[in-house]
Visitor: 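The structure is given below, and queries will be raised subsequently.
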Amino acid sequence: MSQKLPLSFYTNENVVEVARNLIGCRLYTQLGGVLTGGIIVETEAYNGRTDKACHAFPEKRTERTSVMYEQGGVAYVYFVYGMHYLFNIVTHKKGFADAVLIRAIEPLEGVEEMMLRRGKNVSSKLLTGGPARLSEALGIDKSMNGLSLLDSTVWVEEPLPQISYKIGASTRIGVDYAGEDALLPWRFYAIGNKFVSK
DNA sequence: TAGGTGATCTTG
DNA sequence: AAGATCACCTAT
């Protein structure tokens, strides 16, 4: 039985709440019949109307940001620093450009495949800790941009019932260019989890 | 801690 | 058309 998160989870109008709620949920991809996934342990919220750190601020529509304006529940994948794909989840109603960046997962499924994709003989913590690392481990690239999370290539499932996390909040990482909005406590993480940044 | 890397956006 | 920037990672 599928435990995919329902559309209503993603259409929530409060992206900060969604970012917090995603901690403990499980992110999966299935590519060529190979299942990989892990528990989400670090997220950041971005708001396209109020938040200077958001690519879509202030309600900016470009080719890159266009998927952020779709109804919540699709993937927003973008390429940075000439090397890395970062995976985000679009939230809110159609026409509102909000998204949650997934910054780290704890491996759960398909560990061998994830190690192969990451190349190198990488230590456990570096396998899926960090937004570009988890994308590489899960095989995420630009071809997933705009895919529905209710479909079967990339999706999110409810938390495992037997595990609960203490959730911490802090400022977001790498958004100093956003001035005072860099001070917003919109990063969430599972306290004590080793896959969380720094 | 510095350098790699190229898409994306802004300026002119 | 050109230049600056960038929600990062890896190796020194």
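Each chain gets a letter, A, B and so on, in the order the sequences are listed, and its residues count up from 1.
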Visitor: According to salt bridge (Lys or Arg N to Asp or Glu O under 4.0 Å), who are the partners of Arg64(A), at least two apart in sequence or on a separate chain?
Guide: none

Visitor: Taking side chain to side chain contact (heavy atoms under 4.5 Å, CB included) as the test, write out the residues that go with Pro107(A), two or more places apart.
Guide: Val111(A), Met114(A), Leu127(A), Thr128(A), Phe195(A)

Visitor: Just to be sure I follow the notation: if a pair is Watson-Crick (purine N1 to pyrimidine N3 plus N6-O4 or O6-N4) or a G-U wobble (N1-O2 and O6-N3), each under 3.5 Å, what dot-bracket string does DNA chain C give, with | for pairs to another strand?
Guide: ||||||.||||.

Visitor: Which residues end up grouped with Tyr177(A) if you chain together Ile, Leu, Val, Met, Phe, Trp and Tyr wherever their side-chain heavy atoms are less than 4.5 Å apart?
Guide: Tyr46(A), Val67(A), Met68(A), Val74(A), Tyr76(A), Tyr78(A), Val80(A), Tyr81(A), Leu86(A), Val90(A), Leu101(A), Val175(A)

Visitor: Would you mind checking if Arg26(A) and Glu157(A) are paired as a salt bridge, meaning a charged N to carboxylate O distance below 4.0 Å?
Guide: yes

Visitor: Could you tell me whether Arg172(A) contacts a base, only the sugar-phosphate backbone, or nothing, with contacts defined as non-hydrogen atoms closer than 4.0 Å?
Guide: nothing

Visitor: With sequence neighbours left out, which residue pairs that include part of residues 90-123 of chain A fulfil the ring pair (Phe, Tyr, Trp, His ring centres under 6.0 Å) condition?
Guide: His92(A)-Phe96(A)

Visitor: Compare all side-chain heavy atoms of Thr36(A) with those of Arg117(A) and state whether any distance is below 4.5 angstrom.
Guide: yes

Visitor: What pairs of residues pass the ring pair (Phe, Tyr, Trp, His ring centres under 6.0 Å) test when at least one of them lies in residues 118-161 of chain A, not counting sequence neighbours?
Guide: Tyr28(A)-Trp155(A)

Visitor: First contact, last contact: which nucleotides of DNA chain B are these for chain A, 5' to 3', heavy-atom distance under 4.0 Å?
Guide: dG4(B) to dT10(B)

Visitor: Can you check whether Phe188(A) reaches Leu22(A) side chain to side chain, under 4.5 Å on heavy atoms?
Guide: no

Visitor: Please enumerate all residues that pass side chain to side chain contact (heavy atoms under 4.5 Å, CB included) together with Asn14(A), with sequence neighbours excluded.
Guide: Asn12(A), Val16(A), Glu17(A)

Visitor: Does anything in residues 76-105 of chain A come within less than 4.0 Å of DNA chain C? Heavy atoms only, and list the residues if so.
Guide: Tyr78(A), Tyr81(A), His84(A), Leu86(A), Asn88(A), Leu101(A), Arg103(A)

Visitor: So if I take residues 184-198 of chain A and measure heavy-atom distances to DNA chain C, which residues fall below 4.0 Å?
Guide: none

Visitor: Could you tell me whether Arg49(A) and Asp98(A) make a salt bridge, using a distance below 4.0 angstrom between a side-chain N and a carboxylate O?
Guide: yes

Visitor: Can you sort out which residues in residues 47-62 of chain A have a heavy atom within less than 4.0 Å of DNA chain B? Ascending by number, please.
Guide: Lys60(A), Thr62(A)

Visitor: Please find the earliest and latest nucleotides of DNA chain C, in the 5' to 3' direction, that have an atom within less than 4.0 Å of any heavy atom of chain A.
Guide: dC6(C) to dT10(C)

Visitor: Just wondering, do Ile23(A) and Ile167(A) contact through their side chains at under 4.5 Å, heavy atoms?
Guide: yes

Visitor: Are any non-hydrogen side-chain atoms of Leu5(A) and Glu158(A) less than 4.5 angstrom apart?
Guide: yes

